[in-house]
Each structure stands twice: as C-alpha cells, then as structure tokens.
Amino acid sequence: MTTAATPPAGAFARLRRDPAAVSSLAVLLLVALACLVGPLLTGHAYDRIYYDYPRTPPSWRAYPEPGTLGPALDRLALRMRVRAEDVSVTPEAVRLTLAADRPVDERVLGFLARSDLFGPARVLARSPDGRRLSVEAPVRRLRFLLGTDALGRDLLTRTLVAGRVSLALGLLATAVALGLGVAYGAVAGTLGGAVDAAMMRVVDILYALPFVFFVIMLVVFFGRHLGLIFLAVGAVEWLDMARIVRGEAMAIRRRDYVLAAEALGAGTPAILRRHVVPNALGPVIAFAALLVPRVILLESFLSFLGLGVQEPMTSWGVLIADGARAIESSAWMLAVPAAFLVVTLVALNLFGDRLRDALDPREA
Amino acid sequence: MAPLLAIRGLTVAYGGRTVLHGLDLDIARGETVALVGESGSGKSQAALAVMGLLPERAAVSGSARFDGTELVGLPRPALDRIRGARIGMVFQEPMTALDPLFTVGHQIALPLRAHRGLTGRQAATRARELLRLVELRDAEARLTAYPHELSGGERQRVMIAMALACEPDLLIADEPTTALDVTVQARILALLNDLKQRLGMAMLFVSHDLRLVRRIAGRTAVMRAGRLVEVGPTERLFAAPAAPETRDLVAAEPAGRKAPPPPGSPVVLEARNVAVSYPGRGGRPWRPAPRRVAVAGIDLAVRAGETLGLVGESGSGKSSLGRALLRLEPSAGIVRFEDRDLTALSRAALRPLRRGFQPVFQDPHGSLSPRMSAGAIVTEGLRVHAPELGARERDARAAAAFAEVRLDPGTRHRPPHAFSGGQRQRIAIARAMILRPRLVVLDEPTSALDRTVQRDIVALLRDLQAAHGLAYVFISHDLAVVRALSDRVLVLRDGRAVEHGPVDTVLETPREDYTRALVAAATT
Amino acid sequence: MIPFVLRRLVQAIPTLFLVVTLSFFLIRLAPGGPFDLERPLAPAAMETLRRVYGLDQPLVVQYGRYLAALLRGDLGPSFSVRDLSVAELLARGLPVSMTLGALALVLALGLGVALGGLAAARRGGILDHAVMTLGTLGLTVPGFVVAPLLQIAFGLALGWLPVGGWEGGDPRHLVLPVITLALPQVAVIARLTRAALIEGAGLPHRRTLRALGLPPRVIALHALRGAALPVVSYLGPAAAGLLTGSVVVETVFGLPGVGRYFVDGALNRDYTLVMGTVVLIGVFVIVLNLLVDLATAAIDPRVRQAA
C-alpha cells in the first residue's frame, strides 16, 4: 500500500544509532518520570515544614539521630510542663515516664505526635495519683536524602515538584510559541507577496523590542499567575519559529515537486498537507526541541528575580534563588536544584542538536 | 625522456570503500591527456589525489612523481612549493571556487606573492597582464570587482588566470567547462588550448564529455568504476575502442532520429504571443522597477506524436516558456490545449484539465518530494483525477507505471533517495504518464544525467511517445539530445524566437549567428 | 553607506514608537499605581500627588504629553526616587551597565573566537571536546547559578576578589560580574566560530587556496574572514542576551546599573523610570543592530551592494 507521506524513517533510524541522542533522551525521560512519580515516593509533601529539621544537609541517615532525642525530649517536656524521667531510647521507639507535681493530662501527649520526631504516643501505665505517666512513642524516622531547605522542607520532594512546574511550563510555553509561530509563518510563507512582506515587517519590528523587559513588566504589573508567565514566555519565543516556518514554506513552495503537484492539479490545501507541512516539519520539530530548554531557562530567570512562580508552589528557578541566598551556610540548597536544572537543560540541548542533525535532509 | 607526471598504482579509499584502484598514467611535457569517465568513475579523485586536495579521511597510496618529486605523502610545505607554482588547477564550479569576500585582483595576486615573492604593486601589475591573457573584457576594472559581479564564464577565466599565474608546467583542469553554457564552453576550451600552446605546458583534462575531449586531448584515458579501462591516442580510441566500456561511452552519444508524426495528426497545443515577465529588482513602492521580460511574443504549435525542441542558453527564457505553456506561470497571450483556451480559465477550472498536459523537470532530486515513497509520488495525480480509486487500486496502478518506465515495481515503497539519478527521472516520468496525458513538457530531463543514462532515458521517451502518440515540448541546451528527439526546433535568445523550423534544417543550415554558435559549440 | 545608515535610522522610528507606546499602555493599564503604599495615603494627599505628576489627566493626554516630552529628550521625574529625574538616574546607571556590557562583549568575542578556532583546528581532539562541553555548559548553566559559585570560590574561599558592590568601577569589583555576564556568550561564540570554520574548510574556494599552494597564514586569514560573518551577525542577539544577563548580574552583585533600576522601578511601579529604561534599551538595541549591519556590509561585498 502506498502511503501519502512516510515519516522520515531515516531520521529516526539515525537517531536510534546515535549514542548521544539515546542517552540524552534516556536522561530526560528519567528526569520527567522522577518529577512525575518521585514526589509520591519520597514520603514528604512538598510544602510540609519540619520545624525540627531546617537546613538539614543531604544524608542517607535517618533522622532523628539517637543522641539528639534526649535533649529534644527535655525540650518537649518543658512545653508539656512535665519532667521526662526514665528515658530509654531504642532505634524504633522511646519509653519514658512523664512526671509532674499535678496529675498529667493525657492531652499533652499531642505535643509528642506534633513534633517531627515521634509518632502518636501510647500510655503504658499510669500511677494511681496520676502524676506519673509511662508512655511509649514510636520514633518517627525521616530521611532527607538531599537535605531540607531553610524552613525544613524536604529538598528532594521540592525539587521534583519544581521540576514538574518547570517542565510543564517549558512544554506549554513551547506549545504556545509553536502554535503562534507555525500559524503565522505558514500563512505568511504560503500567501507570499505583499501580505508576507507586511507580516514579516511586523516580526522585524517586534524583534527589535527588548522583549524580556516586556515580560518582566507584564508579570510585575499583571500579577504572577502561572498562565500569564507561560503565555508571556511563549509570546517572546514565537518570533523565531515564525521566521523558520515561513522560510521553510517559501523554500518548499519553490521546489520542483510542489510545481509538479500543481501541474497534477492538486489544490493548495492538498499541497500544504502532502508537501509543505511534512517537509517543513523537520526543522520545526528540531527548533521546538531546542526551544524547551530556552523557555525553562527564561522561566527560572523570572522566578529568580522573584517574578515567576510564587510560594508555596515552586520551580527550579525559585529553588535556585533560595539556594543562592543561603549558599554560604547550606550549599546543597543551590547545588540540588541547579544540578537538576543543568542536567535537564544539557540533555534537552544535546537531544535537540542531535534531532536537528538527524532531521537535516542533507544527511539522508 | 622521463614523463613530467608519472602516476603509478594510485589508489584512494574512504574507510573500506576504494574509489580509485591503482591508476597508472604518464603525462609528458607539453602533452594534453584527458581523463574521461562518468560520475563515480574516480577521475576527479585521481586529480585531487595528485594535488593533495582530498579530505583527510581519504587514504591515498601508490605514487605520483612530478618531475622527480614524489607527491603522495609529501609534507605540506614541500607540496606547497609545487602546488600553485608548478602545477595549476582549475575546478568545475566557477560560482563557488572563488572566495566571495575578496576582490578578483587580491585573489589573483595570492599565488604571485606566495611563490614569486612579488610585492603588492608588482603582483597587481602581473594580475592585470594575466586577466588580459585570459581575455577577460575590461581587465583593468575587473581587478577591483568581487566574484559575484562576474558571470560564470568570466569567473572561470579568473580561475584560469590564478592557476596560470606562476606559469606552471602542468595544468590540471577538472571539468572546467561543465557548469557553463555551450557557447561559453567553446570559448573557454579554445582559450585553454591556446594558452597551453603559448606557455608550452602539459595539461590533464578531466571530463565526462567525450566531444570536448576529442577537441583538446592528444591522448585519452577512459575510467569506469575507479579503474582505468583503456588509454591511447584520442582518435584511435574513437575510431576503434578496444575496451567494451569505451565502446559503451562512445556509443552513448545520443543517436538515431525520431520517426515523424503521422500526417494529419491534430494540433494538441497552440500558443500565440506568449509573454512572461517578472517583477524587477530594487525600485520603490511608489516607483516600481521595470519588469524583467523573460519571454516575449512566442508563437508555437505542437501536434500529437510530434516533438518541438526549445533550445537556448541559460537565461534565454526557455524554462519560463515551458512553465507558461503548462499554466504554472502567469503569462500574457493565448495558450490553447486541444480546443480549450487555457488562458481564460481560473485555477480551479483548470485543475480537471491538467491531467492532459504534464511536466517532467530537470533536477531529479528536487522534483520528488523527499518524504513520500516513490509509489506515492507516482500516484499523486490519481488522488486528484481519480479520487474514486482505493489504496489497493492505486498501488496496482503504481506497479504498472513502474513497469512502463522500466523500473522494478518491487522498489516502489522506497523513498526517492534510495534511487539513482536516472531512476529518479523515470519516477518523474511515471508520475506524468500515469495520467495518460496528451502533452508532456520536458524541461531539460536529461541534463543532470550521465551520457549512458541519458541515452536510456531518451530511448524511453521515444518509446512512450510512439506508444501513446504523445506531443512533446522538449526543452534543452544540449543539441545532441534535441536532434535525437525532436521534429522541429525553436531557438530562443533573450526570450525571443530567433529561429524556428525542422530540426535538420535548423541544425544543419542555421541562419542566425546565435544558432550557428550554438551548433558549432555542440558539434565535434 | 550614508544613505544606508539614514534609511535604517528612519526604519527604526516605527520600532521605537512601538516600544514607547506598548510599554506606556502596558504600564498604565495594569492595576495599582505608584503611590499605593502599604499604609494608604490620605485621599487628599493622593489627589495632590496624582495632580502633581499629571496622573489625573485622561490616559491619551498623558500619552501625548509623554511623547512630546520624549521628543525634547525629557524622560520625566522619577516617581520612586525623590528629587531625581529619570534621565539623571539613568545617567548614573548607564556607565555601570555599559562598562559591564562592553567588557563582557570584548571578553566573549576574544575568548569565544579563540576557543572556537582552537576547537576547529583540533577537530575531534580532546581540546575540541573540551570546548564543546564548555559550550554546552555555558549555554545551560544560568548566570544566577554561576554568580554565587564564583562568589563562593573567588570571594569567600580564596578571598581574591570582592563578592559585590561597584566602588566607582574598581577593576577588582568588575572581574566576577563580567565573567558571569560573558560566559554564555563565550559559549555561543565559540560554537559559532567552530561551526563556521569547519563548514568553511569544506568550501570550494578554500580548496582553491590550497590548490594554489598558499601558506597556512594566508589561508587562515581567508578562513577567519569567512567565519566572521556568522559571528558578527550574532552580536545583535548577543547584546540582547547581555541585557537580560545584566539584570541578574546587577542584582546578584549589587551593582547600580540600568538593569537593576528597571527591576526596582517595575517593582515600585515607578512608571517613568520603567519607561525611561525601556526607551533607553530600545535605542541601544536599534543602534547595535545598525552597527552589526554595517559590520556585515564591511565584511561581505554582496551585502554592501544589496544595501
């Protein structure tokens, strides 16, 4: 059976044989998967603040550390207005007797559960006068593989959730740029003539605008909604896309195979569908792939200035800004999100480069 | 006497692929030797290997001794004392072989300053002499011109001036006239011949074109698929080719004539006073530049089974006229196809009629959509004109069309780039033929092909014409092919018809100087 | 050449007009105003302020007044910085930003072309891979990550350089900001130069030069001039990148430049300051693109004749 347009099979075959393309794609999928399901597996909510663990460095160890429990219990006892006596600590649980001069109200046990160190306490025994309460509380074992931030939120979870935001923004804004650019460029390139000249003059003028500054103004003055940000970023980046699509459409329309199709009696929609779009697709896809990292970078730039994503939602740019402020005391706060961002961007750029090379018809 | 250049066992390989197998060839002082073969025969590889110009990944072995110095493996500084000084080289692409960012004078002065140690002023004086030597018009002014301001022929003259700047003992000319118009070709060839005599140098002339070789070389070496198949005096080679490959090449010159159309066959295409013009460059919105006239007032008619040859140099308007006849280009005047006036019809009204007249273009790379399978390309017209056909029926038609143009129907699912140039041109012909047109406009359909491939395409076109009573408009600059395929010829110059008549009359007894020049340039 | 410059300047007018108009209405249509403080002003005081600054007039009148003032070169008073006009503020910030930008551009060009040239000359070698890796990193590691890293390494750990401040343009205070600003551009220019040189090496006219037996020095001259075209055309986008980067660099290193004024102005709803900055940047971009076009024409005769 003859199909109207075979996909550029050669391009995919070339891409599959390219170790750089394959490995960068694998890294990207890994990052995306981690961001998507990772936050469910870390055991922390991205906005959960552990007051007992601010600025905890990355570590495999589980917290709390055994030596810290005694002093922590003493502090808790103080707030419960009791004395902690006969404290015995095992890795799993802590047993102690709460002693006071008056009968101990069992409701104070809530302090134990509310701390980040212990689970709900169980009463083992109560002295007849109620002044001594033997309780057992499980030790809540927490791991912060990549440490916590200044408020004591798990950095791994936050970074992964931030990754969702950054990646989604990157994809959405690229989609906006793609939609605008392809529509505009295809219309200009297909109609040609005076319409094309006028449309491209508009693009030229817009090109000379300091667009990043407009985006900053937009988000400052109209509020910092996610939607507005990706709209703004997409609006900045569509110009290049429009130029590329228009250039491709113009070049393809001049090719002999389009002339041949016209001679066959094919109408303009059929020529667009069968010839212009499939042949213009390669450079567009490649450019879009390279646009995603640019958009992510732009978003993180806005977030860094405090103009992007707002607390408690987060993005890589926000985390990096936080990290940069805390760099002297807790370098991991910068290192972790920056590493995720850089790895993702490198992989995206590498993959985009390889994709562009593979789709280049000259390689065929 | 020892030869000036002695090539022994010269071999070039890329990775595991050997493109030149142990070439042996001698060139004596003052002698012209031609190296002939079709594309892929290894002739250019041999020339570039001698000059040390192959890319680094090419593995060169064997020997090329120039006046006692071994060139293969010679270190760069020593090689550079020979290249440009004692061996000059001229390339095929006059449009790209000069650096666009530097003036002609600067570029000609380069070898003079490097090899002769001339000062800037001395070099400029010598460059002026050289430009006069290569008979460049207006030599003085051309020194400060940039390459893009020169025509192809003029650029080739500059290239020759550069190659000859240091009066080399050997000139290697790699297809020096292939990219030029035939009349320019003849003049460049005459110039090379003349300079060779006056300067007493030897020449290695690399070409695919046997006719040129016959005019310039005393001895000819024939190559095929990377091997030397025969070498000997040129005239002997033509008269009595020993190797079958040589016979094949000699016989590849288009020959034979087409049978005249049956008397009384109906007129299929008639054009009256056709004119094509394009918007001029520059200009302002309020004062547009004058339109550039490509075709002016052409009248012609073609009958069923008849071929009209449209002949002219590049820029003569022959392709614009072809597109205007197919209504692919806005034009003035009247074009009638059978009994319909096409010029009065809108694009939409024209569409159903289009299956009657089809084009075949020159470039078999550019005329096939790279993302479609060959079968889909061939059946694209059926989607328009026979939409009732299902995919299965279309595929069957594709297979039949492949068979008709003598392609293996089993290959129809492959993409265009899996085919050779000649095969691609067959696909383009099949795309036109599947609609059973009555008129086909062939725009240089054989110009991008090797002679042997060309011969087969010409044969195919003739057979198809005879089988279906087709009318052809055959556009070409190549009079040999025109003669083999046409009944009548229309000679175009600057968009105007300068001569029109039966092919034999026009080509045997041309009336106009222009036609005479074309004919002279194209015949041996 | 002069008609060409004039024509380009005339063509720049609609662009500049669009910049002014777009930013004017964008700012004025946004909710909030320059005098919305945390503790609201008394209505009468607010009314006075608005009248003094002409904000009580209809928008179109304000727009017309702004345009008229702009034609006289008057950018108006700053709303947030008392007693200073926007022009005075920008006159303070401009030397800072220009020094940073110019130094970064020179560094990026010098280092980028040198690295790209080395990589192309040693194509496929270790040096080439190193430059290409550096290029990818330079493109992907954002300035706001690089800046703190540099501050830690050279400022805090090694103690060689100050981590911030301007101090009247003391060269020691310039080193880290300029490096941060230049790094991504070094990356792009190195990649561009390398690609242009490698592509150029395969061109037919380069083969002609080799066939003429010319010394490597002459061939390198031709190669560099050919490679200069894409690099020079990149200078427009590079300047845009430097502008964006200067916002980050001036923030991180605490430098009193135009980028910083812009962000502060925007956050304080200082209408005139934001407008003034945008106009200044618009003019800068236009002039720079013109210079790039002139440079391209100087290098390439084909462009010169088309112009």
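Below, chains carry the letters A, B, ... as their sequence lines are ordered, and counting in each starts from 1.
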Excluding sequence neighbours, so at least two apart, what forms salt bridge (Lys or Arg N to Asp or Glu O under 4.0 Å) with R137(B)? E154(B)
Between chain B and each of T208(C), D300(C), V218(C), count heavy-atom pairs under 4.5 Å; write down the option with the most. T208(C)
May I ask you to list the residues in residues 74-82 of chain B that approach chain C closer than 4.5 angstrom, counting heavy atoms only, ordered by number? R76(B), D80(B)
Heavy-atom pair of closest approach, residues H222(C) and L110(B): NE2-CD1, 3.6 Å
Work out which heavy atom in G52(B) is nearest to a heavy atom in R210(C); give both atom names and the distance. O-NH1, 4.5 Å
Can you name the closest pair of heavy atoms from M89(B) and A211(C) and give their distance? CB-CB, 4.3 Å
Please check if the number of heavy atoms outside L71(C) that lie under 6.0 Å from its CG is greater than 12. yes
More than 12 non-hydrogen atoms from neighbouring residues, nucleotides or ligands closer than 6.0 Å to CZ on R122(C), yes or no? no
Any non-hydrogen side-chain atom of L212(C) less than 4.5 Å from a side-chain atom of R83(B)? no
Chain C interface, residue from E149(B), Q92(B), R113(B) that has the most non-hydrogen pairs under 4.5 Å: E149(B)
So, do R302(C) and L101(B) sit near enough that their side-chain heavy atoms are less than 4.5 Å apart? yes
At a heavy-atom separation under 4.5 Å, does M51(B) approach chain C through its side chain, its backbone, both, or neither? side chain
Can you tell which of L209(C), L203(C), L214(C) has the highest number of heavy-atom pairs within less than 4.5 Å of chain B? L214(C)
Do R225(C) and F102(B) form a cation-pi contact, if we require the NZ or CZ to be under 6.0 Å from the six-membered ring centre and within 45 degrees of the ring's axis? yes
Check step by step if salt bridge (charged side-chain N to carboxylate O under 4.0 Å, His left out) holds for R207(C) and E93(B). CA-CA 11 Å; R207(C) 193 179 59 186; E93(B) 318 86 354; 3.4 Å; yes
